[in-house]
Every structure is written in structure tokens, then in C-alpha cells.
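Inspection log for the structure reproduced underneath, given as C-alpha cells.
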Amino acid sequence: MDRRSRDRFTALLTPIAQAAQAYARHLAWNRNDVEDILQTALLNAYQKFGDYTEGTSFKAWLLQFVTYAAFNANRRHEQIEEHELITDAEALERLTAVEALTHEVVYDELLRQPDRMLARLGPALQEAVRTLPAKRRSIFLLRAIGELRYREIADVLAVPVGTVMGELWRARKQLREALCESHESRP
Amino acid sequence: MRCDEIRRWISPYLDSELDPRTNFEIAQHLESCAACRQAFEAERRLETSLAASLAPDPTTQAAWDRAVRRTVAPPVWRSPRWQAAAAALGLLLALAGGWRAGVVARQDLIRSAAQNHQQYLANRMALDVQSSSPEIVEAFFHEKLPFRVQCPRDLTSQGIRLIGARLCHLKRVPVAYLLYHVENRPVSVFLVDEEGLVQFQQAVRTLGTPSAPGGYQLGRAAVVTARLAQGAICAVGEVPQATLEWLVVAHTPEAV
């Protein structure tokens with residue numbers, strides 16, 4: 001790669017560094033794999049930089065490489081669930097289930113004081129994220145950390161947009177439930 | 001829409017992913033319904049806090065910095081100027097070192113390995129697999145070579161990192177090529193089996209054992225070769241010879 005391309009690649013990396021790091025960090029099943037994941041993703045992206053189209057989202061493009069590298073690394077530690085990703089229609093049917101959560105006292109507190117609650121429940125949140133099914137975890141993180149559009153997430157993971165919406169909702173609900181449970185079980 | 005209907009869309013609404021019409025209907029409802037407005041706003045705050053709680057830590061930052069450096073930093077020894085300087089220095093050292101270096105440079109296995117290593121440095125050779133996982137690299141060679149490739153497991157304590165591998169040929173003999181980084185300097189390791197070793201008659205006569213490997217200095221590069229139970233190993237890199245010797249021993253079946 002010539003110097004100009006290398007400089008361009010480096011310049012594009014700078015503004016997305018935090019997102020890429022956080023994404024790899026929380027997508028990795030094992031924290032010791034994070035550096036491997038980042039290294040593999042960057043090397044692969046660098047080699048394929050000629051395929052990147054200027055003007056499109058570099059963040060979405062790079063996070064795709066991080067996703068693949070993380071999925072490969074995670075295979076050594078977890079069984080990638082082949083769970084059925086729910087479809088758009090099914091997701092919408094279940095959306096009302098969020099109501100059940102709003103009745104919980106703890107959840108109300110979480111909504112009122114999220115920063116204070118999360119300061120105490122940070123480790124519980126990270127563990128809850130880690131235990132999400134692989135693709136659901138990826139979808140949640142691509143949205144929460146990567147701030148990607150549903151369409152971009154769908155492209156990264158090669159799944160329908162409806163699936164992204166459904167899985168994202170399920171991830172959010174699962175995390176909220178885990179946080180509530182964690183808070184209630186604390187001494 | 002009623003409140004319960006509105007709240008079904010809370011997730012895609014906050015993500016600005018709804019179609020314009022539904023989005024407009026919800027926005028209208030929120031203007032007139034304080035309870036829903038508060039609920040939506042609370043969910044938005046919570047989601048923002050959740051994302052903020054998943055920020056990277058300093059360890060990840062350091063790993064990122066190293067990964068970026070290894071990926072895009074122009075290695076000084078790859079730039080044409082440095083390559084020319086290194087070649088000139090190598091020639092000088094070869095001349096100063098007398099006939100031994102010259103003989104070593106002509107030895108078939110070392111010569112082929114050094115040439116391949118140079119090709120990698122000059123970016124003329126890509127890896128077939130990029131991974132620091134020994135298991136992945138071993139799996140890559142499975143069924144591609146007539147012998148089993150085994151990679152050492154714990155090298156990081158020595159500052160050595162597996163980068164990847166490729167199936168390459170030395171004198172038309174298929175060999176396993178493993179690329180390592182030692183303090184960001186590339187080290188090439190070649191593994192050839194007993195059958196392939198027949199093609200390297202000069203090497204066969206001079207190979208040391210893993211406990212007493214043959215070590216040579218070719219200009220800036222060190223080369224270490226050793227006979228294995230079934231074949232031979234050759235490591236090349238611009239790193240201390242002792243490091244290569246350690247790496248060679250780590251590849252012996254007993255060590256792996």
C-alpha cells in the first residue's frame with residue numbers, strides 16, 4: 001500500500017478508535033482476545049482498504065472486520081448459538097412486553113437515576129452483555145457503541161433489517177432485566 | 001394511537017428508525033401526552049447511560065495503539081532507503097566476516113529461507129491466514145501439508161507474537177511458513193518435513209540439533225536452523241540470535 005493510502009487509512013481510524021475498541025472489548029467473550037481481535041481486524045481491513053468506498057461509513061466498514069475477528073475468536077470459548085433470530089413480525093408482537101418491566105420498582109429507579117445505578121451495576125451490565133447470544137450481542141453493541149443505523153447493522157451481519165430491530169429490542173429487554181435482577185440480589 | 005400502542009415503538013423511535021408517518025404520529029402523541037413523553041425521555045437517558053458504561057478501558061486503548069502501530073506504521077526496515085542500507089551493511093559484514101558467512105549464505109535451506117523472508121519484508125508475499133491463535137494456524141495447515149504443524153502456545157512471555165502463516169515452497173518443496181513478530185520485528189519460521197528435507201542436501205549435512213542449533217549472522221539478519229525428529233526448522237529475522245534459538249526450541253514437539 002502506498003503512503004497516501006496508508007495515511008488515509010490512519011486518518012479514518014482516528015475518529016472511530018473509541019467505538020472500535022469498545023465494540024471489540026465487549027464483543028469478545030474472553031478479554032484476553034481483545035488485542036488479537038483488534039490486530040486481526042485491522043490487518044484484514046488494511047489489506048482490503050482498496051475495497052472501501054469513500055463517502056460510505058468507514059465505521060460500519062471497519063466494524064465488520066472487528067465482528068468477524070471477534071466471532072472467530074469467540075468460537076474457541078463459546079458455542080455460537082444458532083438460535084433462530086426472530087423476524088420482524090414476531091418482534092413487534094413481543095414489544096408490549098416492555099410494559100412488564102415498567103412495573104418493577106427497581107426499573108423505575110433505573111429510569112430515574114440511570115447514571116447512579118449504572119455506576120454501581122457496571123460489572124453486572126458487562127456480564128449481562130457478555131452473556132447475550134452472539135449475534136444479539138453484536139447487534140446491540142453495533143447500535144449502542146457503534147451508533148450504526150439498522151440498515152448498516154443488517155449489512156455488517158448479513159441479516160434482514162427486521163431481524164436487527166427484533167434482536168435489538170430483545171437485547172435491551174434482556175439487559176434491563178439482568179440489571180434489575182442484579183440490583184435486587186445485591187445485599 | 002393509544003399510549004400502549006405508542007410505547008410499542010419506543011425502541012425504533014428513539015433510534016430514529018421509523019418511517020416518517022409513524023414517526024410523525026408518535027411525535028404528535030408525545031406533544032400531548034406527558035406520561036409517554038417522560039417514559040420516552042427516561043428510556044433515552046437510560047440507553048445513553050448504558051452506552052456510556054460500555055466505554056473502552058485503558059488496557060483496550062493500549063492494545064489498539066499497538067495493533068494500529070503494527071498495521072500501519074511504516075517499518076523502517078521495509079523502506080527502500082533502509083533496505084538499501086541494510087543490504088549494503090549486510091554485504092560489508094559478509095565481506096568482513098570472511099568466507100564463513102559466504103558459505104552460510106549459499107547453503108540451500110538458509111538461502112531459500114532468507115529469500116522468502118526478504119520477500120515478506122518487501123511486501124511481495126501475503127499471508128494465507130492472519131491469526132495469533134496457534135490452533136487456527138495449525139488447523140489451516142491441516143490437510144494442506146503431509147505433516148502436522150504444531151505451534152508453541154505461550155510465546156507472549158518472551159515478547160513473541162504469532163501473526164499468521166502461509167503455505168509456501170522452498171525449492172518447490174511445500175513448507176509451513178509461520179510469521180512471528182518479536183518487538184514488532186518480523187521473524188520467519190519455516191518447517192519442512194523429512195521427505196522435503198531430502199531436497200536440501202547441503203542443509204542436511206550441517207543442521208544442528210534443537211539443543212545445539214546452528215546459528216549464523218547474515219548481515220543484520222540472524223538465521224538459526226535445527227534438525228527436528230521429523231524434518232527441520234529454520235528461523236530468520238533481524239533479532240538477536242538467542243531469540244531465534246529460543247523460538248526454534250519452542251517448536252520442537254517436546255516443547256509444544
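Predicted model only: the values in this text are computed from it and were never measured. Proteins get letters first, then strands, A, B, ... in listed order; numbering begins at 1 in each.
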Mind checking the [atom1]-[atom2] spacing from [X] to [Y]? Nearest 0.5 Å is all I need.
X	Y	atom1	atom2	value
A:Leu111	B:Gln38	CG	CD	11.0 Å
B:Ser133	A:Asn72	OG	CG	9.5 Å
A:Lys173	B:Ser11	NZ	OG	13.0 Å
A:Arg172	B:Leu46	CZ	CG	9.5 Å
B:Asp15	A:Ile153	CG	CD1	8.0 Å
B:Leu18	A:Tyr150	CG	OH	7.5 Å

_Part of B:Leu162 lying under 4.5 Å from any heavy atom of chain A_ =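 For B:Leu162, no heavy atom lies under 4.5 Å from chain A.
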*Non-hydrogen atoms of chain A under 4.5 Å away: do they reach the side chain of B:Glu5, the backbone, both or neither?*
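Neither; nothing under 4.5 Å.
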*Okay, side chain of A:Gln21, backbone of B:Trp64: is any donor-acceptor separation there less than 3.5 Å?*
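Checking the backbone N and O of B:Trp64 against the side chain of A:Gln21, no donor-acceptor pair under 3.5 Å is found.
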*Are the side chain of B:Arg66 and the backbone N or O of A:Gln39 linked by a donor-acceptor pair below 3.5 Å?*
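No; zero donor-acceptor contacts below 3.5 Å.
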Side chain / backbone / both / neither for [X] at chain B, heavy atoms under 4.5 Å:
X	result
A:Leu42	both
A:Asp7	neither
A:Phe140	side chain

As an exercise: rank [options] by heavy-atom pairs under 4.5 Å with chain B and give me the winner.
options	result
A:Val34, A:Leu118, A:Leu175	A:Leu118
A:Leu125, A:Leu141, A:Leu168	A:Leu125
A:Asp115, A:Leu179, A:Val161	A:Asp115

Could you tell me which non-hydrogen atom of [X] sits nearest to which non-hydrogen atom of [Y], and how far apart they are?
X	Y	answer
A:Ala22	B:Leu54	CB-O, 3.3 Å
B:Arg45	A:Arg112	NH2-O, 4.3 Å
B:Leu50	A:Arg176	CD1-NH1, 3.8 Å
B:Ser49	A:Pro114	OG-CB, 3.5 Å
B:Gln130	A:Thr40	O-CG2, 3.7 Å
A:Arg149	B:Ser16	NH2-O, 2.7 Å

_Residues, nucleotides or ligands: over 12 heavy atoms within 6.0 Å of B:Arg37 CZ_ =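 Yes, the 6.0 Å shell around CZ holds more than 12 heavy atoms from other groups.
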Sub-4.5 Å side-chain heavy-atom contact between [X] and [Y]:
X	Y	answer
A:Leu43	B:Ile163	yes
B:Thr71	A:Leu13	no
B:Asp57	A:Arg31	yes

*Against chain A, work out which of B:Ala52, B:Ser132, B:Pro56 has the most heavy-atom pairs shorter than 4.5 Å and name it.*
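So the answer, after comparing B:Ala52, B:Ser132, B:Pro56, is B:Pro56.
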_Does this structure show an ion pair linking A:Arg143 with B:Glu47, if we count only N-O contacts that are shorter than 4.0 Å?_
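Answer for the salt bridge query: no.
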